[in-house]
Amino acid sequence: MKVSVIGCGRVGLVVAACLAKLGNKVVAVDVDKEKLRKINNGASPIYEAGLDEILSQVAIEAATDYAKIKESDIVFICVDTPSEEDGSMSLEHVTQAARQIATILRETKDYQVIAVKSTVVPGTTEEVILPILESSGKRAGLDFGVCMTPEFLREGKGVHDFMNPARIIVGEYDRRSGDMVSNLYQGFDVPIVRVDLKTAEMIKYASNAFLATKISFINEIGNICKQIGIDTYEVARGMGLDERIGSKFLNAGIGFGGPCLPKDLKALIARAGQIGYEPKILEQVLDLNEKQALRMIELLKRHVTLENSSIGVLGLSYRPDTDDARHSRAITLVNILLEEGASVKVYDPQAMPNFKELFPQVGYATADEVLKCDAILILTEWEEFEQLDYRGKIVIDGRRIAKAREARIYEGVCW
Ligand code: UDX
């Protein structure tokens with residue numbers, strides 16, 4: 001099939017690369033010329049496992065010009081939907097993309113499906129995006145198709161997740177639109193769940209809200225366990241064997257960060273507020289998550305006075321296998337350490353350049369140099385942290401690095 005992807009961020013780029021790898025002819029559109037230059041040269045502008053390899057094998061046509069999408073059977077909208085101040089979702093980029101697509105729809109004769117992949121709150125595709133597309137003078141369900149097909153890609157593992165989905169959700173305005181998008185995924189031996197547009201939008205939010213809830217739940221259990229001397233990981237192992245519970249996303253620690261879970265939870269809470277519903281569980285999930293990282297400071301203070309101490313931080317990305325530091329726990333914790341008068345030295349295998357933009361004033365060092373500090377916080381479970389020599393050190397571990405237990409003083413946040 002001929003496919004276009006609007007927005008070459010982490011999601012759009014993975015979608016474009018994987019669809020090209022599956023044999024589709026792909027056009028990618030973005031406003032960032034430097035990004036497009038890299039893609040056209042067969043290189044990835046971001047760190048994402050396997051992406052460089054695919055981009056060097058396939059030929060994607062990357063351009064700023066929307067005219068390139070004219071020939072496409074399906075146009076995916078993959079632009080970002082950042083948070084507004086009040087937690088609600090900003091539709092600025094999505095509506096801009098829809099307006100540009102509308103100008104193309106006005107001229108095209110062939111039937112195209114516009115498929116929203118950006119995470120948008122229930123109702124957005126039908127009530128906001130579809131009317132913009134119809135401003136072209138063409139009619140949805142007649143002249144063009146509309147779908148909402150959310151992604152479930154983890155950062156750093158996006159290529160793997162795209163190629164090995166658990167399910168594919170196709171929200172469709174009409175049957176013909178849904179058939180076209182479903183056909184694209186013919187080769188995957190997984191259920192394709194076909195629903196209406198707003199149900200697809202809600203499946204994405206409910207999935208991320210549930211994952212976030214699982215994390216805050218196990219952290220709450222973990223906070224109780226820590227006080228009474230129980231290892232939460234043993235508890236989670238015992239719980240997870242019950243198929244109804246499942247063992248994934250029960251890693252207690254310092255909670256969730258990143259560009260998705262916190263933002264999506266806030267947007268769902270804001271959407272609930274708009275209809276006069278107070279989502280108490282979701283609010284508590286977020287609140288507990290904010291406080292969870294602060295436990296590291298409490299534990300640290302048991303062993304060192306922060307003022308004039310050197311504190312080392314291992315791990316700046318919000319999860320391993322990415323250079324992304326957005327909403328990472330390191331941001332909260334480094335801020336507190338600096339406020340309390342500590343000198344801070346940090347190391348991360350990938351995220352130091354991104355973190356430096358936020359914190360130019362801290363020391364960027366090797367892992368071995370960080371280990372020379374008075375005390376060390378572990379904030380991301382990078383595999384290489386299992387190879388370090390922690391003997392003789394004071395270590396507060398937020399992510400359960402087994403090797404760190406050899407430290408002279410070792411404290412786990414929930415164990
Ligand atoms: C998430 C969803 O998993 C994905 O389906 C969606 O499309 C985008 O959001 P991502 O944010 O990339 O993906 O990473 P994920 O692996 O879900 O981790 C999110 C955060 O939760 C990380 O900060 C991670 O450290 C934390 N986490 C995860 C835990 O604290 N405990 C766990 O058991 C699992």
Side-chain angles (χ1 to χ4, degrees), residues 9-12 14-15 46-49 78 80-81 117-120 149-162 164-169 200-201 203-223 232-233 235-237 239-240 245-268 285-286 288-293 295-296 314-333 348 350-351 378-383 385 397-401 412-415:
R10 292 186 179 263
V11 170
V14 168
V15 170
I46 53 161
Y47 172 76
E48 183 76 41
C78 296
D80 59 337
T81 48
K117 231 180 217 311
S118 304
T119 301
V120 290
T149 175
E151 51 78 25
F152 301 94
L153 312 174
R154 291 166 299 167
E155 267 193 38
K157 305 225 184 263
V159 171
H160 171 273
D161 290 351
F162 187 97
N164 302 277
R167 78 303 206 186
I168 285 149
I169 307 295
E201 290 164 335
I203 289 171
K204 167 71 187 202
Y205 277 95
S207 300
N208 272 1
F210 186 73
L211 293 174
T213 303
K214 238 180 148 180
I215 299 170
S216 276
F217 173 84
I218 199 64
N219 285 340
E220 178 129 86
I221 297 291
N223 294 341
T232 317
Y233 276 69
V235 175
R237 190 158 62 94
M239 284 169 66
I245 298 173
S247 58
K248 306 246 170 79
F249 270 70
L250 285 181
N251 296 327
I254 44 173
F256 56 85
C260 294
L261 297 194
K263 174 181 79 101
D264 292 353
L265 209 52
K266 282 182 197 155
L268 185 55
V285 166
L286 205 55
L288 192 134
N289 192 58
E290 293 307 313
K291 292 185 181 133
Q292 195 64 16
R295 296 196 159 255
M296 297 290 276
L314 290 175
L316 304 172
S317 57
Y318 78 94
R319 56 160 288 152
D321 306 317
T322 178
D323 60 354
D324 195 339
R326 282 177 290 174
H327 292 282
S328 85
R329 320 282 51 213
I331 296 176
T332 313
L333 289 166
D348 187 283
Q350 293 290 341
I378 303 180
L379 305 187
T380 316
E381 65 276 35
W382 283 99
E383 228 174 86
F385 295 166
D397 185 2
R399 297 293 186 191
R400 187 95 166 181
I401 299 295
V413 73
C414 291
W415 55 92

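Ligands are counted one by one from 1 in listed order, and the atoms in each one are counted from 1 as well.
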Close-contact set for ligand 1 against Glu155 heavy atoms, below 4.0 Å: 12 (O)
Contacts of type ring-ring contact (aromatic ring centres under 6.0 Å, His included), residue Tyr233, not counting sequence neighbours: Trp415
Region of Thr380 engaging ligand 1 - heavy atom pairs below 4.0 Å: neither
For Glu151, atoms of ligand 1 separated by under 4.0 Å from a heavy atom: 7 (O)
For atom 4 (C) of ligand 1, the protein heavy atom that lies nearest, with its residue and separation: Leu153 O, 3.8 Å
Identity and separation of the nearest protein heavy atom to atom 20 (C) of ligand 1: Phe256 CB, 3.5 Å
Test item, Lys248 contacting ligand 1 (heavy atom, 4.0 angstrom): no
Taking atom 19 (C) of ligand 1 as the reference point, the nearest protein heavy atom with its distance: Leu261 CD1, 3.8 Å
Taking every non-hydrogen atom, the tightest pair across Gly255 and Asn289: CA-OD1, 3.1 Å
Nearest neighbour in protein (non-hydrogen) for atom 15 (P) of ligand 1: Arg319 NH1, 3.6 Å
Structural part of Lys157 in contact with ligand 1, heavy atom criterion under 4.0 angstrom: neither
Arg154 N/O under 3.5 Å from ligand 1 N/O: no
Ligand-residue contact atoms, ligand 1 with Cys260, heavy atoms, under 4.0 Å: 8 (C), 9 (O)
Contact (N/O only, under 3.5 Å) between Gly257 and ligand 1: yes
Leu250 contact mode with ligand 1 (heavy-atom cut-off under 4.0 Å): backbone
Part of Lys204 within contact of ligand 1 (heavy atoms, under 4.0 Å): side chain
Under 4.0 Å to a heavy atom of Leu211 - the qualifying atoms of ligand 1, by number: 3 (O)
Contact check: Tyr318 vs ligand 1, nitrogen or oxygen atoms, below 3.5 angstrom: yes
Protein contact of atom 30 (O) of ligand 1 - nearest heavy atom, named by residue and atom, plus distance: Arg399 NH1, 3.3 Å
Non-neighbouring partners of Lys157 that pass side chain to side chain contact (heavy atoms under 4.5 Å, CB included), sequence neighbours left out: Arg154, Asp161, Arg319, Asp321
Closest to atom 27 (N) of ligand 1 (judged by heavy-atom distance), picking from Asp161, Ile215, Val11: Ile215
